[in-house]
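Okay, so here's the structure we're looking at.
In each ligand, atom 1 is the first atom listed, and ligand 1 is the first ligand listed. Please read all numbers here as calculations on a predicted model, not as lab measurements.
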Amino acid sequence: MTTEASPGRALHLDDYAAVVGQPEVDEIRAIAHYLRGKRVQMVNSTAVGGGVAEILARLIPLMEEVGVPTRWEVMTGGSEFFAVTKAFHNALHGAPYDGVKEWFDEFLATNEENQRRIKLDADYVVIHDPQPVAMIRSRGVPRNHWIWRCHIDLSQPNPDVWSFLRPFVERYDASLFSSPEFTQGLSIPQYQFAPTIDPLADKNKELEPEYVQSVFDRFGIDTKRPIVTQISRFDRLKDPVGVIKAYQIVRKYADCQLVLAGGSASDDPEGNAVLLEAREAAGNDPDIHLLNLPPWSYLEINALQRGSTIMVQKSLREGFGLTVTEALWKKKPVIAGAVGGILLQVLHKITGMLVHSVEGCAYQIRYLLANPEMAKRMGENGHEHVKENFLLTANLKRYLILFSILSRSTKG
Ligand code: UDP
């Protein structure tokens, strides 16, 4: 059985009433009514791969449906630009940074090229993450509203990178962070905006058990034995090698298989190198399945999450971790690094287990494999937690309310 009201046709806001209730849907339409005729542009740096693209792909059609036309603009850049922004990303998450001045020049030049290519004149311009942040320079007389949506944890940024980016950020009308813990003292208003998942999307909708089985069969994974899975881009901050080491400890005591499934994003140049590191750590263990998935593998990821015994997200840094949300929604207990937005989702011993090391991760995998009743209870709690806080309709409502608030501000 699937939850999609009518497979094969586009989803509509009313379809979500079955999940979040008709009053919520009515409220969204009522708020949107006050924004009729207003236009929105959302700008990010990749059309596929990673959580931001995932959110925009689901949010924008609903914005359109409620009468707020929204364009999704994807900035373009060469490999040098994305190498620089990846270094910025890591440095903003507190990693060592040895950048040179030319990196800032590259960053500004690419932002400028995009400013020339994309006219940002909608009533509300939402710029996602640091990559396009300097496009604020194309703002003329402030008749429209500019919002910076930061999806990463800025609590301990590298000072060189942050002092370069900060003046751009402070030219915006508002900033949005996934958690109050991630912010910096800024001269502009800051709002909390948790990321969300779409419960009716192929990635999250209910699936026939036969389909789930067929996906595991296709990848040669035995569903009769426990399966521990991490879904993530191959990124060092997601610590795939740490997950393999944890699994190798567990295997000394308990039977299980490990699945590490992920693709890459066009704005992440390090994916192949990290996949190779994971391959080397895995050696020739036939129970470790490293799956390099194409970006359109929504149903496969859904099936892997649904058919796994335990989900892991052993991130060392994490903006939010939509993979955690997706797993909790599917009633899976999640063992995850105690970092970033994971702390909003994995409530220790309630929806999953928080860990700080390879050994801790191994310990909790063993513990939950040995205590399936507890694992089941956590999964159920996780589903409720996501339903309360992290579904797409909540994100839509928050944006609409924010736009209404900004419209009443003096700059409007
Ligand atoms: N994802 C995907 N294919 C992959 C790996 C991840 O579609 O190979 C999806 C995953 O299901 C989730 C998103 O990409 O929806 C990743 O978001 P998250 O916030 O977990 O991490 P990010 O990649 O943005 O750091």
Spatial distance of atom NE2 (H89) from atom CD (Q131) [nearest 0.5 Å]: 8.0 Å
What protein heavy atom sits nearest atom 6 (C) of ligand 1, and how far away is it? I231 CG2, 4.2 Å
the protein heavy atom lying closest to atom 8 (O) of ligand 1 turns out to be G263 N, 2.4 Å
Interatomic distance, M42 atom CE to M63 atom CE [nearest 0.5 angstrom]: 4.0 Å
Let me know which of F164, Y97, F88 forms a ring pair (Phe, Tyr, Trp, His ring centres under 6.0 Å) with W103. Y97
Just to confirm my output: which protein heavy-atom neighbour is closest to atom 12 (C) of ligand 1, and how far is it? E326 OE2, 3.2 Å
Assess G321 for proximity to ligand 1: is some non-hydrogen atom of it under 4.0 Å away? yes
Closest approach of any protein heavy atom to atom 9 (C) of ligand 1, naming residue and atom: K203 NZ, 3.5 Å
For ligand 1, find out whether one of its N or O atoms is nearer than 3.5 Å to an N or O atom of S232. no
Can you confirm whether or not the ring centre of F390 sits under 6.0 Å from the ring centre of H385? yes
Can you tell me how far CG of L400 sits from NZ of K38, rounded to the nearest 0.5 angstrom? 13.5 Å
For residues F216 and I227, determine if any side-chain heavy atom of one lies less than 4.5 Å from a side-chain heavy atom of the other. yes
So which protein heavy atom does atom 18 (P) of ligand 1 come closest to, and at what separation? L322 N, 3.4 Å
Taking atom 24 (O) of ligand 1 as the reference point, the nearest protein heavy atom with its distance: G51 N, 2.7 Å
Mark the output for K238 as yes if a heavy-atom distance to ligand 1 is under 4.0 Å, and as no if none is. yes
Shortest protein heavy-atom distance from atom 2 (C) of ligand 1, along with the residue and atom involved: I301 CD1, 3.3 Å
So which protein heavy atom does atom 23 (O) of ligand 1 come closest to, and at what separation? R233 NE, 2.7 Å
Compute the centroid of each ring, for Y124 and then for Y399, and state whether the two points are separated by less than 6.0 Å. no
Drop me the distance from N389's CG to N395's CG, to the nearest 0.5 angstrom. 12.5 Å
